[in-house]
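One structure is given below, encoded as structure tokens.
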Amino acid sequence: MKPVIALVGRPNVGKSTLFNRLTKTRDAIVADFAGLTRDRHYGDGRIGNQEFTVVDTGGFEPDSTTGIVKEMAKQTRQAVAEADAVIFVVDVRLGLSAQDSDIARYLRQASKRIFLCVNKAEGMSESPLLGEFFELGMGEPHPISASHGQGIRSLMEAVLEPFEFDEEEEPSQAPDGVIRLAVAGRPNVGKSTLINTWLGEERLVAFDMPGTTRDAISVPFERNGQQFQLIDTAGLRRKGKVFEAIEKFSVVKTLQAIADANVVLLLLDATQGVSDQDAHIAGYILESGRAVVLAVNKWDAIDSYQREQLQRSIEQRLAFLKFAPIHNISALKRQGLGPLWNALADAYSSAYRKMTTPVLTRLIQEAVEHQTPKRSGHFRPKLRYAHQGGMNPPLVIVHGNSLEGVTEAYKRYLEGRIRAHYKLVGTPMRIEMRSSKNPFSDKD
């Protein structure tokens with residue numbers, strides 16, 4: 001399980017800049033004024049082979065009692081509660097403030113591993129200005145510059161040092177023969193009802209109120225001799241609505257359940273259509289590289305016009321999941337569940353399909369004969385051979401010359417031919433280009 005690292009501090013000390021640096025994204029909005037970040041923001045980071053989840057929080061005022069500042073403080077408390085370690089960010093240019101002392105007092109009571117990070121300290125690793133931050137009683141300050149990338153590696157090595165990381169973090173092909181199946185979706189789409197229907201008993205609390213499930217619950221299940229571990233995840237709410245203290249673990253547990261699954265069933269509500277939140281969850285599943293099947297629940301509750309509108313909405317808003325099969329079901333009336341199981345089994349086997357080097361190389365060569373890649377600069381990309389580099393999702397590595405010139409459109413063309421040959425359904429697929437050095441590239 002990836003460790004969760006929360007970034008905490010008063011407004012405008014550079015937490016979002018550090019978040020962007022750690023996740024190598026620009027997901028967090030950064031500007032030079034306070035209070036920009038209000039909700040918790042999750043992202044994945046990696047240092048070497050060590051992967052972790054980072055949580056960005058808004059400016060923290062522990063004693064706030066009113067308005068949006070109070071809600072931001074609640075969000076930060078939830079981030080601290082679900083974190084394995086906390087990075088407390090302060091600003092060396094602004095110096096130590098009373099608010100920093102209030103935050104330090106709160107963090108000491110939280111019984112978490114805390115790392116004091118002094119930001120905006122470019123070229124100041126030996127500066128006497130760092131000395132005043134010892135007053136916080138948080139141990140040795142780590143001077144960094146989030147905007148320049150200085151000192152961040154040594155900070156993260158200290159943060160991650162106690163955690164154990166496997167060489168291979170990807171979920172294996174169910175070594176114990178058990179397929180981990182995560183059921184994900186918005187609150188109240190019928191996840192618990194579906195699992196209860198499969199199990200034939202009321203194992204999970206199902207109630208017509210969003211947020212009944214607060215944690216990822218795992219239930220063993222067997223079907224046609226195949227062992228499954230059914231994971232009922234808490235519904236992912238739109239950020240800004242996850243305020244209740246009891247829900248503090250919901251989001252991070254759901255994201256971890258998706259990342260640790262072999263297959264994810266994304267459940268949509270036919271009566272509600274496809275929302276931004278559905279697209280957000282689908283995007284995270286795709287990012288995680290998990291095999292996925294879409295199931296539209298409560299299909300019996302809408303008329304033919306609504307069905308047509310829903311299908312169009314799925315095609316538009318979830319266009320990036322074109323590879324995922326779609327099944328219309330009713331969990332309550334047990335309709336459409338047989339074909340759904342077949343689709344889940346196909347998605348699992350596709351995610352772990354073995355592809356041999358001779359066959360992949362032949363497919364690549366046939367694809368090039370049918371359509372050559374466009375010339376890039378002085379050279380045309382030359383694809384020589386391909387081999388499988390990983391599973392779940394399937395990774396195909398293509399070797400050759402000048403491959404940095406291969407366009408995304410051409411990669412999609414190659415992917416389509418490989419998918420068609422191996423009958424890959426329900427799993428994303430990645431193609432990586434690796435170029436050999438061209439001995440003539442430096443010569444005129």
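We're numbering straight along the sequence, starting at 1.
Atoms CG and CD1, from Leu116 and Ile114 in turn, are 10.0 Å apart once rounded to the nearest 0.5 Å. The structure places CZ of Arg113 at 13.5 Å from CG of Leu107, a figure rounded to the nearest 0.5 Å. Cys117 contributes atom SG, which lies 12.0 Å from atom CE of Met138 (distance to the nearest 0.5 angstrom). To the nearest 0.5 angstrom, Ile258 atom CD1 is 10.5 Å from Glu287 atom CD. Separation of atoms CD1 (Ile144) and CZ (Arg153) is listed at 14.5 Å; rounding is to 0.5 Å. Put simply, CG on Asn328 and CD on Gln311 are 6.5 Å apart, with the number rounded to the nearest 0.5 Å.
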> Going through the distances and angles, do Glu415 and Arg412 end up as a salt bridge (charged side-chain N to carboxylate O under 4.0 Å, His left out)?
Replying inline: CA-CA 5 Å; Glu415 179 182 331; Arg412 287 194 295 273; over 6 Å; no

>> Using side-chain contact (heavy atoms from CB on, under 4.5 Å), reason through Ile418 and Met429 one step at a time and then give a plain yes or no.
In response: CA-CA 10 Å; Ile418 295 169; Met429 184 185 148; 3.6 Å; yes

>> Between Val406 and Leu403, does the side-chain contact (heavy atoms from CB on, under 4.5 Å) criterion hold? Intermediate values first, please.
In response: CA-CA 5 Å; Val406 175; Leu403 298 187; 4.2 Å; yes

>> Show, in sequence, the C-alpha distance, side-chain angles and deciding distance for Asn401 and Ser435, and conclude whether the side chain to side chain donor-acceptor pair (under 3.5 Å) test is met.
In response: CA-CA 5 Å; Asn401 299 109; Ser435 288; over 6 Å; no

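Residues Asn262 and Tyr352 bring a donor and an acceptor atom of their side chains to less than 3.5 Å of each other. Side-chain contact annotation: Gln365 with Arg362, donor-acceptor N/O pair under 3.5 Å absent. Side-chain contact annotation: Ser275 with Arg186, donor-acceptor N/O pair under 3.5 Å present. Gln335 and Ser330 form no side-chain donor-acceptor contact under 3.5 Å, judged by distance and modelled atom types alone.
Note on Lys120 versus Asp91: salt bridge recorded, some NZ/NE/NH1/NH2 to OD/OE distance being below 4.0 Å. A salt bridge links Arg434 with Glu432: the closest approach of a Lys/Arg side-chain nitrogen to an acidic carboxylate oxygen falls below 4.0 angstrom.
Under the 4.5 Å side-chain criterion, counting only non-hydrogen atoms from C-beta, Asn297 is not in contact with Val189.
Evaluation of the ring-ring contact (aromatic ring centres under 6.0 Å, His included) test over residues 313-333, restricted to residues two or more places apart or in two chains, returns none. Under the ring-ring contact (aromatic ring centres under 6.0 Å, His included) criterion, the residue pairs touching residues 391-411 are Tyr385-His399, His387-His399, Tyr410-Tyr413, with sequence neighbours excluded.
Shown here is Lys112, whose NZ atom has more than 12 heavy atoms of other residues, nucleotides or ligands within 6.0 Å.
Of the listed residues (Gln306, Arg312, Arg307), just one forms a side chain to side chain donor-acceptor pair (under 3.5 Å) with Gln309, and that residue is Arg312.
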